[in-house]
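Quick notes on the structure that follows.
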Amino acid sequence: MAQGEVRFDGRAIVVTGAGRGIGRAHALLLASRGAMVVVADNGTDMEGDDPSPEPANSVVEEIKASQGKAVAFTEDLGTEAGSTGAVETCLKVFGRIDGVLHNASTVPNLVKVTELSSHDMDVVMRIN
C-alpha cells in the first residue's frame, strides 16, 4: 500500500454509471482499494436507448479478475424501483451499504437544453 493511500476495505459502495467512462474508472479504483462494488449501469447509449447488461458485466468481470468483489445491477436507475433495487442488491450481496457514487448521466442528442424534446428532457431529469 502506498503511503497515505485511502483504503475502502470491507466497505460496500454502489457506483452508478459504472459500465463506462468515469463511472467505470471509479468502480475499478474503489475495488482496487478494497471496496465491494455494485456496478450499477443499464448500458443505455447517451440518448437513454438500447439497454444492455454487457457494460456492467464486463466491469464486474474485470474487478473479479483482479481478485476484487463486485456484482452487476442493470435495471433503470431513473425509476424508484431501479434505484431501490441497486441499494437492496448491495445489502443482499454484501450485507451493508457504505456509499453511493453517482456518475450516471445522459445527454440526448448533445443539444442545448432549450432544444431538447419533452421526451429527451424527461430522460435527462430522471437520470442526471
What's the spacing between [X] [atom1] and [Y] [atom2] if we round to 0.5 Å?
| X | Y | atom1 | atom2 | result |
| --- | --- | --- | --- | --- |
| Asn57 | Thr74 | CG | OG1 | 7.0 Å |
| Glu54 | Glu61 | CD | CD | 9.5 Å |
| Glu88 | Ser83 | CD | OG | 9.5 Å |

Is it true that a side-chain atom of [X] and a backbone atom of [Y] form a donor plus acceptor pair closer than 3.5 Å?
| X | Y | result |
| --- | --- | --- |
| Asp98 | Ala12 | yes |
| Ser66 | Gly68 | no |
| Ser58 | Pro55 | no |
| Thr16 | Asn103 | yes |
| Thr89 | Gly85 | yes |

Within a strict 4.5 Å, meaning less than it, do heavy atoms of the [X] and [Y] side chains meet?
| X | Y | value |
| --- | --- | --- |
| Val39 | Val15 | no |
| Phe94 | Val37 | no |
| Val100 | Ile13 | no |

Checklist entry - Do Val6 and Leu29 belong to the same hydrophobic cluster, where Ile, Leu, Val, Met, Phe, Trp and Tyr are linked whenever their side-chain heavy atoms lie under 4.5 Å apart, directly or via other members? => result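 Per the 4.5 Å side-chain linkage, Val6 and Leu29 are not co-clustered.
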Checklist entry - What about Leu28 and Ile22, same hydrophobic cluster or not, with Ile/Leu/Val/Met/Phe/Trp/Tyr joined at side-chain heavy-atom distances under 4.5 Å? => result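 No, it is not one cluster - the side chains of Leu28 and Ile22 are not joined through contacts under 4.5 Å.
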Checklist outcome for this item: side chain to side chain donor-acceptor pair (under 3.5 Å) filter on Arg24, not counting sequence neighbours, yields Glu62
Checklist outcome for this item: Taken in chain and number order and not counting sequence neighbours, the residues that satisfy salt bridge (Lys or Arg N to Asp or Glu O under 4.0 Å) with Asp9 are Arg7
Shortest non-hydrogen contact from [X] toward [Y]:
| X | Y | value |
| --- | --- | --- |
| Ile63 | Ala27 | CD1-O, 4.0 Å |
| Asn42 | Asp76 | ND2-CA, 3.7 Å |
| Leu77 | Ala86 | CD2-CB, 3.9 Å |
| Phe73 | Val38 | CB-CG1, 3.8 Å |
| Ala56 | Asp41 | CB-O, 3.6 Å |
| Val59 | Ala18 | CG2-O, 3.3 Å |

Next on the checklist: Let's go through Glu5 and Arg33 carefully: what are the C-alpha distance in whole Å and the side-chain angles of both, what is the deciding distance for side chain to side chain contact (heavy atoms under 4.5 Å, CB included) to 0.1 Å, and is it a yes or a no?
Outcome noted: CA-CA 8 Å; Glu5 179 180 88; Arg33 295 195 176 180; 3.6 Å; yes
Item to check | Summary of salt bridge (Lys or Arg N to Asp or Glu O under 4.0 Å) pairs that have at least one residue in residues 64-74, sequence neighbours excluded | outcome: none
